[in-house]
Novice: 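Structure provided below as structure tokens; questions to follow.
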There are 2 protein chains.
Amino acid sequence: MDTSEKQPVRAKRADARRNEKTLLDAAAATFVASGVDAPVREIAAKAGVGMGTIYRHFPTRADIIVAVYRHQVDACADAGPALLADSTSPHTALARWLDMFVDFLVTKHGLAAALRNDQTGFETLHAYFVERLVPVCAELLDAAIAAGEIRADIGAYELMRGIGNLCIFADQDPHYDARRLTGLLVTGLLLARTA
Amino acid sequence: MDTSEKQPVRAKRADARRNEKTLLDAAAATFVASGVDAPVREIAAKAGVGMGTIYRHFPTRADIIVAVYRHQVDACADAGPALLADSTSPHTALARWLDMFVDFLVTKHGLAAALRNDQTGFETLHAYFVERLVPVCAELLDAAIAAGEIRADIGAYELMRGIGNLCIFADQDPHYDARRLTGLLVTGLLLARTA
DNA sequence: GACTATACGGAGCGCTGTTCCGTTTGGCAA
DNA sequence: TTGCCAAACGGAACAGCGCTCCGTATAGTC
């Protein structure tokens, strides 16, 4: 392996670094204002750069989105083990963690839909979310199974995929509450209940 | 009310009626081949008509879809009361009926996503499905509540919307089974269980 | 056969994402 | 300081989409 990261031959130019930062800020602002589906031109315009620039820094839409939300995804991933330690039962921890996940998805207009839209080059985005969050979910799930609380016939990926789906367009319909549906799903995992 | 339906002044022209039929067949075939998202041009081409024709018969994409699937939706709606009569319990009937609904959505590539895509003029489609199916779901739900089988804090609309969401992109991912997730959700409705 | 409401075809508009290439500029070496 | 060139930039241009508009063709009637 040739060392860690940078300095292959020369460092990134100062204006490039500046533009990358500008673009990230503009993208974040645009996502809040117009949703994750916002036209690339809109982000470029807000950042005051050309189309070429945005595509050089982020070859695909998914790269922008991943970059914008990366630390939030990481925070969500980190919260898993913490919840497991703090909660009264693994199933409670799982439920709480999934609530966090739902909050994250729902507050980003259209993120859930974009995540699912694999066909148009969102594999990268999908891959990052899966890679980062599925192991955490699996840990919580396994703990709950080991504790004899829930059934063992569902995988972490499938569960997260389902919950992700429940969040699609959740922000566009006042008569729909993704958290309630998620709660139902998580309750359905339980092996037995007495009330 | 001025009578029932047709004959306002003159009947539809023969070629128009012929084209409508041709278009419906072409649309159905195209949906199977390329999914519900298929370009309008593709349907027009397959039917051998111009863009103008297709838009005159079906002012919006949703109208084509509704027309193509109308009788299937109706069949699904009709199945509700029948299941209620035949099943051992209202909850079982509900579960079975929702399975039918899931099968219907999953086999039509992209239908579920289109249904949710309210922003681009799919309100009509959404409205037709809601108007036709929600009352049926409500009937099943109420029966199960009356029987003391399930919790009473969820509406038919929200439940169907959730299940519809679970079906989005279900056909594109071999590791995902919309039926299993739906089952979990329906199980979560139960008030108590003993195994 | 003539006339007209009805229906048709497809060019064209506006909006996407993405590419391509001529132009500008940061950073280093002389 | 100056000169150089790889790196970075900007935006015109292309392709594909939904949808509209209007000149043309024709079914049905008199």
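Not measured: the values here are computed from a predicted model. A note on names: the letters A, B, ... follow the listed sequences, proteins ahead of strands, and every chain is numbered from 1.
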Novice: Rounded to whole angstrom units, what separation is found between the CD1 atom of A:Ile65 and the P atom of C:dG17?
Specialist: 11 Å

Novice: Would you kindly give the CE-to-P distance between A:Met51 and D:dA12, to the nearest whole Å?
Specialist: 12 Å

Novice: Which one, D:dG11, C:dT16, D:dC19, comes nearest to the side chain of A:Arg41?
Specialist: C:dT16

Novice: Give a yes/no on whether any side-chain N or O of A:His57 is located under 4.0 angstrom from OP1 or OP2 of D:dA8.
Specialist: no

Novice: Taking the side chain of A:Tyr55 as heavy atoms from C-beta outward, which of C:dC8, C:dG17, D:dG10 is closest to it?
Specialist: C:dG17

Novice: Identify the two heavy atoms, one from A:Leu166 and one from A:Ala178, that lie closest to each other, and give their separation to 0.1 Å.
Specialist: O-CB, 3.8 Å

Novice: Does B:His109 have any side-chain hydrogen bond (donor to acceptor under 3.5 Å, both in side chains) partners at least two apart in sequence or in another chain, and if so, which?
Specialist: B:Asp171

Novice: Specify the separation, in whole Å, of atom CG of A:Asp37 and atom P of D:dC17.
Specialist: 18 Å

Novice: For B:Glu20 and C:dT6, give me the distance from atom CD to atom C1', rounded to whole Å.
Specialist: 14 Å

Novice: Between atom CD1 in A:Ile54 and atom P in C:dC20, what is the gap in whole Å?
Specialist: 18 Å

Novice: Measure across B:Val68 and B:His71 and return the closest heavy-atom pair with its distance rounded to 0.1 Å.
Specialist: O-CE1, 3.4 Å

Novice: Counting just side-chain N and O atoms, does B:Thr53 come under 4.0 Å of either OP1 or OP2 of C:dG9?
Specialist: yes

Novice: Starting at the 5' end of DNA chain D, which residue's closest nucleotide do you reach first, B:Pro59 or A:Asn19?
Specialist: A:Asn19

Novice: Is it true that A:Asp103 and A:Arg179 make a salt bridge, defined as a side-chain N closer than 4.0 Å to a carboxylate O?
Specialist: yes

Novice: Is it the case that the side chain of B:Asp142 and the backbone of B:Glu139 share a donor-acceptor pair, with hydrogens and angles ignored and the cut-off at 3.5 Å?
Specialist: no

Novice: Whole Å only: how far is the CZ atom of A:Arg56 from the P atom of D:dG10?
Specialist: 8 Å

Novice: Hey, can you tell me if A:His126 and A:Tyr157 have their rings parallel, tilted or perpendicular (30° and 60° cut-offs)?
Specialist: perpendicular

Novice: 5'-most contact on DNA chain D: B:Pro39 or B:Gly52, nearest heavy atom basis?
Specialist: B:Pro39

Novice: Parallel, tilted or perpendicular: which describes the rings of B:Tyr69 and B:Phe104, with under 30° parallel and over 60° perpendicular?
Specialist: perpendicular

Novice: Just the table, please: protein N/O against nucleotides 25-28 of chain D N/O, every pair under 3.5 Å.
Specialist:
| unit_1 | atom_1 | unit_2 | atom_2 | d |
| --- | --- | --- | --- | --- |
| D:dT26 | O2 | B:Arg13 | NH1 | 3.2 |
| D:dA27 | O4' | B:Arg13 | NE | 3.3 |
| D:dG28 | OP1 | B:Ala14 | N | 3.1 |

Novice: Figure out the CZ/P separation between A:Phe58 and C:dG17, and round it to whole Å.
Specialist: 16 Å

Novice: Please state how far atom CD1 in B:Ile43 lies from atom P in D:dC17, giving the value in whole angstrom units.
Specialist: 12 Å

